[in-house]
Amino acid sequence: MGFIKVTNLNNIFYLKYQHMNNKRISILENQLSKIEAYIPFIDKKNPNISKATIGWQLDHALKVFNAVSEWIKHSNPKEYNWQYNTWRALLFPLGYIPRGKARAPKSVRPPEIIKTIDLHAQIEDARVHIEELKILPKEAYFKHFIFGMLTKKQTLKFLQMHTNHHLKIVKDILKT
């Protein structure tokens, strides 16, 4: 009987893990739809909110989404090594990334001229990545330059936090 209880507990934990991942995937899909809806406003800017245009915010969010998705897809789960990370411990429970505290790595910085066709192509890539993220093993990981090694679950949370960070900036720019 003890074995059956353990199996049931494992099933409960697995189902909870799947539910959380499905919820995060659903949120990411919704965020991609919001990005798509903001494309007509790519040239709008408010220097009081950000030095960058809405187009920059959208392009950067998509570049990060796609780069992180590619990274985790090609990760070797055997190389994952948990380490305590203060920034992750502070910011992940809050689901918040503060503004103006980190500079985007060159690989995910938008070009000078942002084209709607490029944004649409990146959105399509991101949608394909979402389907790939759904089937990755939970041991897949992404190594972030500030937050360290992130499990699949943490990576999904990071993508949600990061995309939301830029969507909030876009929303604030549009308020003016």
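The chain is numbered in sequence order, starting from 1. Since we're looking at a predicted model, the values are computed, not measured.
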Please table the atom pairs, donor to acceptor, closer than 3.5 Å between any side-chain atom in residues 96-107 and protein atoms at least two apart or in another chain.
from: Arg99; atom 1: NH1; to: Asp172; atom 2: OD2; distance (Å): 3.1
from: Arg99; atom 1: NH2; to: Asp172; atom 2: OD2; distance (Å): 2.6

Legend entry - Any residue meeting ring-ring contact (aromatic ring centres under 6.0 Å, His included) with Tyr38, in chain and number order, not counting sequence neighbours: none
Inset, instruction - Without swapping roles, check the side chain of Asn66 against the backbone of Leu62 for a donor-acceptor pair under 3.5 Å. - result: yes
Which pairs of donor and acceptor atoms, one on a side chain in residues 40-52, lie under 3.5 Å apart (sequence neighbours left out)?
from: Lys45; atom 1: NZ; to: Lys51; atom 2: O; distance (Å): 3.1
from: Asn46; atom 1: OD1; to: Asn48; atom 2: N; distance (Å): 2.8
from: Asn46; atom 1: ND2; to: Thr176; atom 2: OG1; distance (Å): 3.1
from: Ser50; atom 1: OG; to: Ala52; atom 2: N; distance (Å): 3.1
from: Ser50; atom 1: OG; to: Gln57; atom 2: NE2; distance (Å): 3.0

Inset, instruction - Find out if a path of hydrophobic residues (ILVMFWY) with successive side-chain heavy-atom gaps under 4.5 Å connects Ile72 to Ile135. - result: no
Inset, instruction - Using atom types as modelled and distance alone, determine if a side-chain donor or acceptor of Lys152 lies under 3.5 Å from a backbone N or O of Leu136. - result: yes
Legend entry - Carboxylate-amine/guanidinium proximity below 4.0 Å for Lys134 and Glu29: yes
Legend entry - Ile113-Ile39 co-clustered via ILVMFWY side chain contacts under 4.5 Å: no
Inset, instruction - Determine, using ring centers only, whether His60 and His165 are less than 6.0 Å apart. - result: no
Legend entry - Separation between CD of Glu139 and CG of Asn76, rounded to the nearest 0.5 Å: 11.0 Å
Inset, instruction - For residues Phe147 and Phe142, establish whether the separation of their ring centroids is below 6.0 Å. - result: no
Inset, instruction - I would like to know whether Phe158 and His144 meet ring pair (Phe, Tyr, Trp, His ring centres under 6.0 Å); could you show each step before the answer? - result: CA-CA 9 Å; Phe158 166 72; His144 187 270; 4.7 Å; yes
